[in-house]
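One structure is given below, encoded as C-alpha cells.
Residue numbers begin at 1 in each chain, while the letters A, B, ... track the order of the sequences. The structure presented is a predicted model; accordingly, all values stated were derived computationally and were not measured.
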Protein chains: 2
Amino acid sequence: MSRPTVNDIAREAGVSLATVDRVMNARPGVREKTARRVNEAIERLGYVRDVAAANLARRRAYRLAFVLPDSRTAFMTALRTAIEHAAAVAAHDRTRAEILTVPAFDSTAYARLLDGLPQEGFDGVALMAPETPQVRDAIRRLGEAGLAVVAFVSDQPQAARDRFVGIDNIAAGRTAGMLLGRFVRRADAIVLVVAGSMMSRDHMERRLGFDRVVLERFPGFRVLPSLEGRDDSESLARLLSAALDAQPRIDAVYSLGAGQRGLIETLRRRDPQRRLTVVAHELTPATRGALEDGTIDAVITQDVGHMARSALRVLRAKIDAMPIDPGQEQIRIEILLRENLPPPG
Amino acid sequence: MSRPTVNDIAREAGVSLATVDRVMNARPGVREKTARRVNEAIERLGYVRDVAAANLARRRAYRLAFVLPDSRTAFMTALRTAIEHAAAVAAHDRTRAEILTVPAFDSTAYARLLDGLPQEGFDGVALMAPETPQVRDAIRRLGEAGLAVVAFVSDQPQAARDRFVGIDNIAAGRTAGMLLGRFVRRADAIVLVVAGSMMSRDHMERRLGFDRVVLERFPGFRVLPSLEGRDDSESLARLLSAALDAQPRIDAVYSLGAGQRGLIETLRRRDPQRRLTVVAHELTPATRGALEDGTIDAVITQDVGHMARSALRVLRAKIDAMPIDPGQEQIRIEILLRENLPPPG
DNA sequence: CTCGAAATGAGGGGCGTACCTCAGAAAATC
DNA sequence: GATTTTCTGAGGTACGCCCCTCATTTCGAG
C-alpha cells in the first residue's frame with residue numbers, strides 16, 4: 001500500500017474531498033470541529049501532501065532573484081557561474097532564478113532595486129549587499145511584501161532576512177590564523193596581511209578573527225599593518241613587492257581575498273624557494289595553481305556551488321513555509337591543501 | 001511563455017501526441033524519419049520533460065537499498081543516522097530507501113543478499129562492502145538485472161558500479177600526513193599510527209597516503225609500527241598506553257579511524273599538557289569533544305549527510321538515465337580544526 | 001495495383017492535487 | 001419556527017505526462 005492521498009483522508013475523516021481541500025489550503029468556511037476531524041485523519045494516516053502533484057496542479061513557479069554587487073573579482077565570477085549553473089538545473093524544477101547586478105557599494109541603488117522586486121513578480125531574493133540602514137529597511141519592506149529573503153555570502157544580522165547562506169567570516173579568519181600560526185616554524189614570526197579592500201564586512205571579519213587567534217595563540221607574532229590592493233591584482237603586486245623590500249624578514253602572508261592573482265605572481269617571483277608560509281582565501285584558478293605548485297600552503301574557501309544551491313533550496317522552503325535541513329544548508333569553512341584539492345570544474 | 005509541453009512538441013513536429021509519446025518513451029512502431037522530426041522539434045523548442053509530472057503519471061517509486069556492514073563504530077552509527085534522515089526526506093519524493101545489514105567481512109553473505117535484491121523489487125543499491133571477487137560478481141549481476149549500483153564509502157574500482165560516492169582515502173591519508181607533518185615542530189619527530197583494523201581498504205589506503213607524504217615531505221620522521229585496536233576502544237586504550245610507555249618521546253599520533261574514544265581518553269590522561277600533535281579521522285561526538293578541548297589538533301572527515309544525500313541523488317539519476325552534477329556529488333575531504341568546527345547536530 | 005503490415009492519429013482514463021461553482025444541509029439568529 | 005447565515009458535498013476542469021485501444025492512413029513487397 002502506497003502513500004495515502006486526499007481521497008483517503010476524506011474517507012477517513014468522513015467528509016468530502018472539498019472539505020479536505022478547504023482545510024489543507026486554509027480556505028474559509030470550515031467549522032473548527034470539522035477541521036479538527038480532518039487534521040486528525042491526516043495525523044492518523046500519516047498523510048503528506050505530494051508536493052510534485054500539488055505544484056503541478058498549482059502551476060506554481062518560483063521566481064527568484066540573486067542580487068549581487070557588480071564587482072568582478074575571481075570569487076565573484078566563480079559565484080556567478082555557480083549561480084547560473086544552479087539556476088539552469090533548478091529550471092527543471094519550476095524555479096526561475098535571475099542574477100541582478102548593482103553598483104558595489106551603492107546602498108541607494110540596492111534599495112531602489114529591491115523595492116521594485118515585488119511588483120516584478122519575484123517570490124524570493126538572495127541578497128549580497130553592504131550592511132546599511134537603507135538596505136536593512138529595503139529588506140524589511142521585502143518581507144512585508146511577502147517575499148522570502150536570504151542574506152547571501154555577506155550576512156545582514158540586523159535585518160529581517162529569513163536566513164543567512166554563507167560562512168562565519170570571523171571563524172574563517174580564526175581558521176586561517178590557526179593554520180598559518182601552526183604552519184610557521186618560529187614563534188616570533190612576522191606576518192603580512194593582504195586585503196582586497198577593508199570596506200567589505202567579510203574582509204573585516206576575517207581580519208578580526210585572524211587577529212584574535214594570533215593574539216591568543218601566537219603572542220610572539222608580529223602582524224604588520226595590512227596592505228590594501230583595492231581588489232586589483234596590479235596595485236596589489238606593487239604594494240606587496242614594496243612591503244617585501246621594506247621588511248625582508250617576513251615569514252608569512254595572510255591574504256584575505258581578492259587580488260590573489262597579483263599576490264601569487266609576486267610571490268612566485270620573489271620567493272621561489274617558498275620560504276614564506278602563505279594562507280589565502282577563496283579557491284580560484286589562481287589559488288588552485290598556487291596551491292598545486294606550493295606557492296600557497298593553504299586556502300580557506302567556501303563552496304560557491306553549494307551556496308548557490310543552498311540559497312535556492314532555502315528560498316523555496318521559505319516560500320512554501322516548509323522546514324529546511326540545517327545539516328544540508330550549513331556552508332562549511334573549507335580548508336584546502338594541495339593534498340585535498342577537489343578536481344577542477 | 002512557460003516551458004514547452006508534449007503538446008507543443010506534437011504541434012511543432014506536425015505529428016500527433018501519441019507519436020511524440022512513442023518517441024519519448026522508446027515505444028515501438030515509429031519510423032526513423034518521424035522519430036527524427038520529433039527529436040528535432042524537441043531540440044528546437046528546448047523541451048525538457050517535466051520529471052515530476054512524468055513520475056506522477058507513472059506512479060513511479062524508487063526503491064533503493066543501502067547495504068552496510070554490521071559494524072557499530074561511531075562512524076557507522078553516524079552514517080546510519082544520516083542515511084535514515086536522508087531517506088525520511090526522500091520519502092516525500094517517491095523514494096523509499098532501506099538499510100540492509102550484512103556481517104562485516106562476509107563476502108558470501110554480501111553476494112547472497114545482493115543477488116536477492118532484483119526479485120525484491122529494488123531499483124538501486126548503495127553498497128559498502130569489502131572488495132572481493134564474490135562481491136564484484138554480485139555487482140555485475142545487479143547491473144545486468146538493470147539495477148543502478150553505487151559503491152558507497154568504500155570503492156569497488158574493479159567492479160561494474162555506476163559510480164563511487166565517497167572520498168579518495170589515499171588523498172585523505174596524504175592530507176592527514178601533511179597536516180600532521182606541518183603541525184609538529186621538530187624535523188625528527190616520532191609518529192605513532194593507530195588503526196582500527198587494517199582489514200579495511202579505507203584504512204589501508206589512508207595509511208598508504210600518509211606514509212607516502214611523510215616519506216616525500218618529512219623524511220626525518222620516524223613512523224612506528226601501527227597499533228591495531230580492532231575497532232574497539234578498550235583494547236586500543238591499552239595498546240596506546242603501552243606504546244606511550246615503551247617510547248616516551250613520541251611527538252605525534254595519527255589515528256586512521258575507529259576506536260577513537262579509547263584513544264582520546266588515554267590521551268587526555270597521558271598527555272594533559274597536549275604536547276602531542278594528534279590528527280584523527282571522522283567527526284564523531286568523541287573527536288568533536290577532543291577537538292574542542294585541544295586533545296586532537298585536526299580531524300579529517302567526510303560529511304556523512306552529504307554522502308547519504310549524494311548516494312540517493314546519484315542512484316535516482318542513474319535509474320532515470322539522467323546526468324548528474326559532478327560538483328554537487330563530489331564528496332570533500334574535510335579538514336576540521338577547532339576553529340572551523342560546524343555546529344553540532 | 002493489391003494486399004498486408006507497419007506507422008500514425010484520435011481519444012480516453014489515470015496519477016494526486018488545486019481551485020472553482022452550485023446546490024443542499026446544518027447551524028445560528030431572532 | 002422561520003429565516004438567514006454558515007458549512008458541506010458533489011462534481012467538474014486543469015496541470016503535464018503515461019499508457020492503452022482502436023480506427024485509419026501510409027508504405028513496401030509481391
What's B:Asn55 touching, base or sugar-phosphate or nothing? Going by heavy atoms closer than 4.0 Å.
nothing
B:Arg80 and B:Thr101 side chains, donor-acceptor separation under 3.5 Å:
yes
Output the rounded distance in Å from CG (A:Asp93) to C1' (D:dC15).
15 Å
Can you tell me if B:Arg44 and B:Asn39 form a side-chain donor-acceptor pair at under 3.5 Å?
no
Assert: residue with more 5' nearest nucleotide on DNA chain C, out of B:Leu56 and B:Gly14, is B:Gly14
Between B:Ala53 and B:Arg22, which is nearer to the 5' end of DNA chain D once each is assigned its nearest nucleotide?
B:Ala53
Rounded off to whole Å, could you give me the CG-to-P distance for the B:Leu17 and D:dC22 pair?
19 Å
Figure out the CZ/P separation between B:Arg27 and D:dT21, and round it to whole Å.
12 Å
Base, sugar-phosphate or nothing for A:Arg49? Non-hydrogen atoms, less than 4.0 Å.
sugar-phosphate
Nearest listed nucleotide, side chain of B:Ala18, among C:dG11, C:dA18, C:dG16:
C:dG11
Using a cut-off of less than 4.0 Å, is there contact between a side-chain N or O of B:Arg59 and OP1 or OP2 of C:dG16?
no
Using a 4.0 Å heavy-atom cut-off, does A:Ala54 contact any base of the nucleic acid, only the sugar-phosphate backbone, or nothing at all?
sugar-phosphate
B:Arg94 CZ - D:dC17 P separation (whole Å):
15 Å
Can you measure B:Asp21 atom CG to C:dG9 atom P for me and round it to whole angstrom units?
12 Å
Measure CZ/B:Arg58 against P/D:dC20 and give the value in whole Å, please.
12 Å
Side chain of A:Met24 (C-beta onward), nearest among C:dA10, C:dA18, D:dG9
C:dA18
B:Asn7 CG - C:dG9 C1' separation (whole Å)
14 Å
Under 3.5 Å, is there a donor-acceptor pair linking the side chains of A:Thr95 and A:Arg316?
yes
Answer with base, sugar-phosphate or nothing: what part of the nucleic acid does B:Asp50 contact at a heavy-atom distance below 4.0 Å?
sugar-phosphate
Nearest to the side chain of A:Thr5 - C:dG16, D:dC17, D:dG9?
C:dG16
Donor + acceptor pair across side chains of A:His92, B:Asp50 (<3.5 Å):
no
Rounded interatomic separation in angstrom, taking CZ from B:Arg31 and C1' from C:dA7
6 Å
Would you mind classifying the nucleic acid contact of A:Val51 as base, sugar-phosphate or nothing, using non-hydrogen atoms under 4.0 angstrom?
nothing
Between C:dG9, D:dC7, C:dA18, which nucleotide has the shortest distance from any of its atoms to the side chain of B:Thr19?
C:dG9
Under-4.0 Å salt bridge between B:Arg161 and B:Asp155:
yes
